Amino acid sequence: MREITYAEAVREAMSEKMREDQDVFILGEDIGVYGGAFGVTRGMIEEFGPERVRNTPISESGIAGAAVGSALTGMRPILELQFSDFITIATDQIINQAAKIRYMYGGKGKVPMVLRTPAGSGTGAAAQHSQSLEVWMAHIPGLKVIQPSNAYDAKGLLISAIEDDNPVIFYEHKLLYGMKAEVPEGLYRVPIGQADIKREGKDVTVVATAIMVPKALQAAETLAKEGIQVEVIDPRTLVPLDEQTIISSVSKTGRLVVVHESVKRAGYGAEIASMIAESEAFDYLDAPIQRLGGKAVPIPYNPELEKHAVPQVEDIIQAVHATLNREGA
Amino acid sequence: MNKQVELPKAFSKERLLELAHQMWLIRYFDEKVDEFFARGLIHGTTHLCVGQEATAAGACAVLNEQDKITSTHRGHGHCIAKGADVNRMMAELFARETGYCKGKGGSMHIADVDRGNLGANGIVGGGIPIAVGSALTAKMKNLDYVTLCFFGDGASNEGSFHEGINLASVWNLPVIFFCENNQYGMSGSVKEMTNIENIGDRAAAYGIPGIVVEGNDLFAVIEATQEALERARNGGGPTLIEAKTYRWKGHSKSDAKKYRTKEEERFWRTEKDPLVFMANRLIEAGLTDEQEWENIRLQAKEEIEAAVRYAEASPQPSLDSLETDVYA
């Protein structure tokens, strides 16, 4: 099968849906002839025109609200926020409006919108353009939160997100944009709320999100040479979370490492760890859960400092070792 | 702004009396809510629009059923003027199953999406970009409805006001931005919080027409909104209307109103009551008399009493509903 990049897969999902459904359109800053800050919408305005690829003023609150209002009245907007850090400016519309409208209105009205946004560090863009804030959104009832880790999942999940009748926050890690995978042409769906076992193993479960999935797979490869079989699980969607796949894996391996790029303190790893502690998998744990996340610092500019602010492959290997050293203790 | 506006020619006598009835409904609805809060019969909070009846009724008078509105935390009048059922509104304030939001929204979130009321809003200025989105749908789907966006003087200092109006202007959307300047954002006088005479003048910053109108004169409100509506329907884009009015009650239920004087309140109540103004105009024009006006008033009052009976007799929502409707 052909291979395309993550960015191309995201673009293909949008374009294929827009060809199929006239109600789907995209709005955002510099998404027209510029093609978006990361080139994801390149070529789309040429195909769909400026009515359906709407280049907007720099008004994150305004355009987020325009997405909410158009969704509430029958459209299926895709809002591209140039950097996920800018969600801070759009949060009233996302948290107080989009997430709550259906419940507040007693089940009337729906807000079928997707907010796509590039997240994460590793580009030298420093503190205001490198954050991973997905856990904020995961905390809000009424939102769905997706973090695809490869091109295949990105396309299939984005199609599901566009077809979903709820507001969906869709995080794209910038370092994944250039990574290739086999991606089918045409519409296919990856279900929202279904985790994926990216690598099977019997010794230790590593639950990783976004850019940490390829890192965990790399760590697993190294550990396999030592005879340690790591099972790598990508939840793919934080809300809703496929708890059962993680519980089953931990019940099998008895060891859990959770790794994400966002700050460890109150990060999503805490949710996964406590979910396991509350589940039947707790009885199978042979070692304390290891939780890896970003340091509690703004993302720094210097490349070495930046790298050390978030978990790396070596950190995952060490965490896996730590769970195994506890054996029999 | 002080010139006497002619009675709207397109409105029959019956239609004008219907609007009088609607304004009385708004007044008695909020007077009743005020009373029930004071007696502890309704909980939570509420924001009353007594004294502002002409802005809600006048702005909605020119809209048709397909047209849409977004409303505010002070939104009971907008709901009634857009055709909401006062029984279901009162039931919502009583937190009952039969309320517009099945008891989950309360005073600040009444909506009737199917009939074009996209909802009240607890966030000041929150509805402005949503109205822009609704207008965008009309444009993209080639539907001929117009969206009228209510907000207050306080909201005009929010970023969403600037972002929303600019966006509507550059996209030339069929939307009317209707500012009810009731002189205070909670305790903040508009004179302290803005350094311009008219909020309507801000339209110039977005390259759209601005209209400043006497908000307690129903006919002036109708005339201004009609002009904006025609512009929107004919592809002329958005208009900013500022209607100057006054809220008789405090900001919400616990307001000692220390930030304004009794004299000022008395002036607006006695000299600028929108219902007295309307009665005088209609009687002067021979379209009604004191007896008929009184009957309209009493009828509205009774409808609100009936709404209370409906609400009181309605069931509480089931606890099973707590976790329903979070997602579609």
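Treat the numbers as computed from the prediction; the structure is a model and nothing was measured. Chain identifiers are assigned alphabetically (A, B, ...) following the order of the sequence lines, protein sequences preceding nucleic acid strands; residue numbering begins at 1 within each chain.
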Checking [X] against chain A: side chain, backbone, both or neither under 4.5 Å from a heavy atom?
| X | result |
| --- | --- |
| B:Thr147 | neither |
| B:Ala131 | neither |
| B:Phe161 | neither |
| B:Asp112 | neither |
| B:Tyr100 | backbone |
| B:Val170 | side chain |

Side chains of [X] and [Y]: donor-acceptor distance under 3.5 Å anywhere?
| X | Y | result |
| --- | --- | --- |
| B:Asp30 | B:His76 | yes |
| B:Asn166 | B:Ser169 | no |
| A:Ser149 | A:Arg236 | no |
| A:Thr73 | B:Thr137 | yes |

Among [options], who wins on heavy-atom pairs under 4.5 Å with chain B?
| options | answer |
| --- | --- |
| A:Gln22, A:Met75, A:Glu51, A:Met104 | A:Met104 |
| A:Pro57, A:Ala98, A:Ser61, A:Gly107 | A:Ser61 |
| A:Asp92, A:Asp164, A:Val68 | A:Asp92 |

Shorter than 4.5 Å, heavy atoms on both sides: which option in [options] has the most such pairs with chain A?
| options | result |
| --- | --- |
| B:Gly99, B:Gly105, B:Ala111 | B:Ala111 |
| B:Gly164, B:Ser160, B:Gly126 | B:Gly126 |
| B:Val132, B:Leu136, B:Asp114 | B:Leu136 |
| B:Gly119, B:Gly159, B:Ala135 | B:Gly119 |

Please classify the contact between [X] and chain B as side chain, backbone, both or neither, with a heavy-atom cut-off of under 4.5 Å.
| X | result |
| --- | --- |
| A:Leu143 | backbone |
| A:Gln93 | side chain |
| A:Glu60 | backbone |
| A:Asp23 | side chain |
| A:Lys144 | both |

Give a yes or no on whether a salt bridge exists between A:Glu16 and A:Lys155, defined as a side-chain N under 4.0 angstrom from a carboxylate O.
yes
Just say parallel, tilted or perpendicular for the rings of B:His47 and B:His73, cut-offs at 30° and 60°.
perpendicular
For B:Asp144, is the CG atom crowded, meaning more than 12 foreign heavy atoms sit under 6.0 Å from it?
no
Over all heavy atoms of both residues, which pair between A:Ser70 and A:Pro77 is shortest? Give the atoms and the distance, please.
OG-CG, 3.5 Å
Could you go through the side-chain contact (heavy atoms from CB on, under 4.5 Å) check for B:Glu97 and B:Ser318 one step at a time?
CA-CA 8 Å; B:Glu97 165 71 33; B:Ser318 146; 5.5 Å; no
Derivation of the side chain to side chain donor-acceptor pair (under 3.5 Å) call for B:Ser107 and B:Thr46
CA-CA 6 Å; B:Ser107 168; B:Thr46 193; 3.0 Å; yes
Take A:Phe38 and A:Phe83, measure what ring pair (Phe, Tyr, Trp, His ring centres under 6.0 Å) needs, and give me the verdict at the end.
CA-CA 10 Å; A:Phe38 292 88; A:Phe83 286 84; 5.3 Å; yes
